[in-house]
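Here the structure is laid out as structure tokens; the discussion comes afterwards.
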Amino acid sequence: MGKRQSFSVSDASMPAGGEAGQAGQQVYDHLELLAAMGKDFASSGDIEASLKCAVEHITEYLDAEGGALFLLDDKGETLRCHACVGPTEITGLTLKCDQGIVGRCVQNEIGEIVRNVTKDAGFHAGIDEQTGYTTRSILCAPMSVKDERIGAIELINKRGGDGLFEESDLHLLQAMSASAALAIHNARQAEALVEQERIARELELAAEIQRSLLPEAGADDFPVAGVNHAARTVSGDFYDFFPLDDGRICFTLGDVSGKGMNAALMMAKTASLYRCLGKTVRQPGRLMARINAEICETTTRGMFVTMVGGIYDPSTGIVRFANAGHEPPLFHDAEGDFHALPAEAPPLGISPTLVDGLEFPETELKLDGGVLYIFTDGVTEGYLEDGRELKVGGLKRLIRENAALNVKGKLNAVIDCVDRGDAALRDDLTLLAIDDAVPLDLRTSGKTVAVEKTPQDPIAAAEEEEILLSLTVPSQADLLKLIRNAVSETARFCGCDKDVCRDIVIAVDEACQNVIRHAYGGSPNGEIGLEIIRRSDALVFLLRDFAESIDVSSVKPRDLDDIKPGGLGTHFMREVMDDVQFMPPPAAGGNLLRMIKKLPKGPDNET
Amino acid sequence: MKHEIRDEKDATIVALEGDVDLQSSPDARKVLLECVGRKRPVLVDLSAVGYIDSSGVASLVESLQTAKRSGNTLVLVAVSEGAMRVLQLARLDKVFTICDTVEDGLKQVQ
């Protein structure tokens, strides 16, 4: 639809035309005015001030008593006066988009001369009633660019002469309106562009933060690796893995519903929760339940997270994980067969009570040299070069074809097929793999599987271990003496002198007391398991109970400056032992405490 | 754990014997507080204590605090090696008045 250039004159008594003989000077002034207005709009950063300036010029030039510039709002529903000059101040006044002569002018995109407003049914007398001003005649021209209605400029009451606007005035006003419309349009576009650039910059910053949430790649023989390609700047997917101090590796991969900034923020929250809680809560099912509760407490309605989280032990090849509504991970076993491991729990953030009890169900799997793949649907629903989706079948094919590569190579082979860099991604691509091949080789060759040196652990994985004592006793105070004697004898047997034996007895006795008093709440019906393991350089004491897991962070040595009865036991343990740590307990639950006492060097080692 | 209380001219002497552990420390606590309640200086003889744990130490601390509150004194005497180690671990060897022998303890409270 082309722009309408027509105009109407509403009072038939006024002859149209006849103004052809305007002086050349006037045309020159008119052009100069347009040029001045255009320059003003272009150079000013303040569009409102430029509008005011334009209305002043136009009103003065056409010798009207007053003038006003109305703009349509974003929805095109209301007209608002953005600038005005003259006897009444109506800046800020709003009208319905079709109200009054200005509304009609905007809707019809036709300029109008109304010589006697009292004869025009469309005239909105409300303003005159409020201001006490009398409007006699109106000159109004619409502002539009292409098909976009922008607003209108309205002039009121011609000064001098017969007080009536001429047709030539309308021509002039239309020309100036068109010029103003273009200026407003350009200014708005420039503003939008600046805003777009600002948003793009913010997004890039957000993406940078997001990338920093992903773990750094491990060494080439590190058994766990992941990759994430975002479809947009920011991603709703995440993965993470980090070694625990006992050499096991905590891993996760998740997908937040949606793809926008909200998904990205949710991703950041979930990933942070996992990394933070994963260091202390070492049962995947319990960990997922904690994260679920946290997300449910604060989540935006309708958002949820599908996620797999677990722990891999390179020294045994055992993976334990919980799956909250995520795509079934694929296990590619050492024989080359695939096994899908479907979710047994709903996504996180749906309901804090959907899962029975306090834990999400766990799956335990012995990788035995195989590879576990966890991925988002962006991978299986990604497009191949021929336009077909990869699907699980295609993923299996790629895995099989690239089985000989190391774990990073395996992942890249898959990702390269779906993200060839030639087209926008359909969805975020995220893939994580746990490759048990290298650890298996180490295990079978009898070498130590040391994933990472553990700075907190003063005694890193030792070569030889020998269980010296293993006993299970009821949680009764009167049996502590029995335990003390057994521990004392074992320590003496290992060459500890009297003082060291006594210290070890104190620490183990206090640890057992804690189990009886705190874990079992004084009940004699529980069980305490004690294992003493001799390493070449240390004695390891493993103390196990089957009570509710305790909050490890609440177990602190007491402040010794604060002299009061009780709370000393943990202090004694830490004082006596070289290392005291709560460990992730076996699947059956309960608590596992590990204490390590370095053995004095034997006479052979002393020089 | 066994105990023996005897009253000397200047003090009540309570001797604990055996292991003061989770099982026996409630008894030790009762005995110690009872002695402190006699409003006379108390000497706690730990020479025959083979083992004392944190709960036993806690009973000693509570007794000392109770004695101090009532202007009374409590002195540990003849502390066995094992008990001394635990007091050292708890940094309580500087908090208690500790005498090598019962005689020294009696002189201390005169």
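Heavy-atom basis, side chains included; hydrogens, waters and symmetry copies ignored. Chain identifiers are assigned alphabetically (A, B, ...) following the order of the sequence lines, protein sequences preceding nucleic acid strands; residue numbering begins at 1 within each chain. Model, not experiment: these values are computed from the prediction.
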Within 45° cone of A/Phe242 ring axis and under 6.0 Å: A/Lys279 NZ or CZ: yes
Could you check B/Arg69, B/Arg29, B/Lys30, B/Lys68 and say which one makes a salt bridge (charged side-chain N to carboxylate O under 4.0 Å, His left out) with B/Glu62? B/Arg29
Distance-only, no hydrogens or angles: does the B/Ser80 side chain make a donor-acceptor pair with backbone N or O of B/Val49 under 3.5 Å?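 A pair under 3.5 Å: yes.
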Largest heavy-atom contact set with chain A, pairs under 4.5 Å, which of B/Leu22, B/Leu60, B/Asp21: B/Leu22
Between B/Ser24, B/Gly82, B/Ser55, who has the most heavy-atom pairs with chain A when the cutoff is under 4.5 Å?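 Heavy-atom pairs under 4.5 Å are most numerous for B/Gly82.
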Tell me if the CZ atom of A/Arg290 is crowded by more than 12 foreign heavy atoms within 6.0 Å.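 No, because the 6.0 Å sphere around CZ of A/Arg290 holds 12 heavy atoms or fewer from other groups.
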For residues 74-90 of chain B, pull every pair meeting salt bridge (charged side-chain N to carboxylate O under 4.0 Å, His left out), keeping only residues two or more places apart or in separate chains. A/Lys498-B/Glu81, A/Arg502-B/Glu81, A/Asp503-B/Arg85
Are any of the side-chain heavy atoms of A/Leu530 and A/Leu543 separated by less than 4.5 Å?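 Answer yes - side chains close enough.
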Part of residues 97-110 of chain B lying next to chain A, heavy-atom separation under 4.5 Å: none
Partner chain B: residue of A/Arg484, A/Gln476, A/Lys481 with the largest heavy-atom pair count (under 4.5 Å):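 That would be A/Arg484.
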Pick whichever of A/Val505, A/Asp509, A/Ile516, A/Val576 has the most heavy-atom pairs under 4.5 Å with chain B. A/Asp509
Ignoring hydrogens and angles, state whether a donor on the side chain of B/Ser54 or A/Glu510 is under 3.5 Å from an acceptor on the partner side chain. yes
Short N-O contact, B/Glu34 and B/Arg38, less than 4.0 angstrom: yes
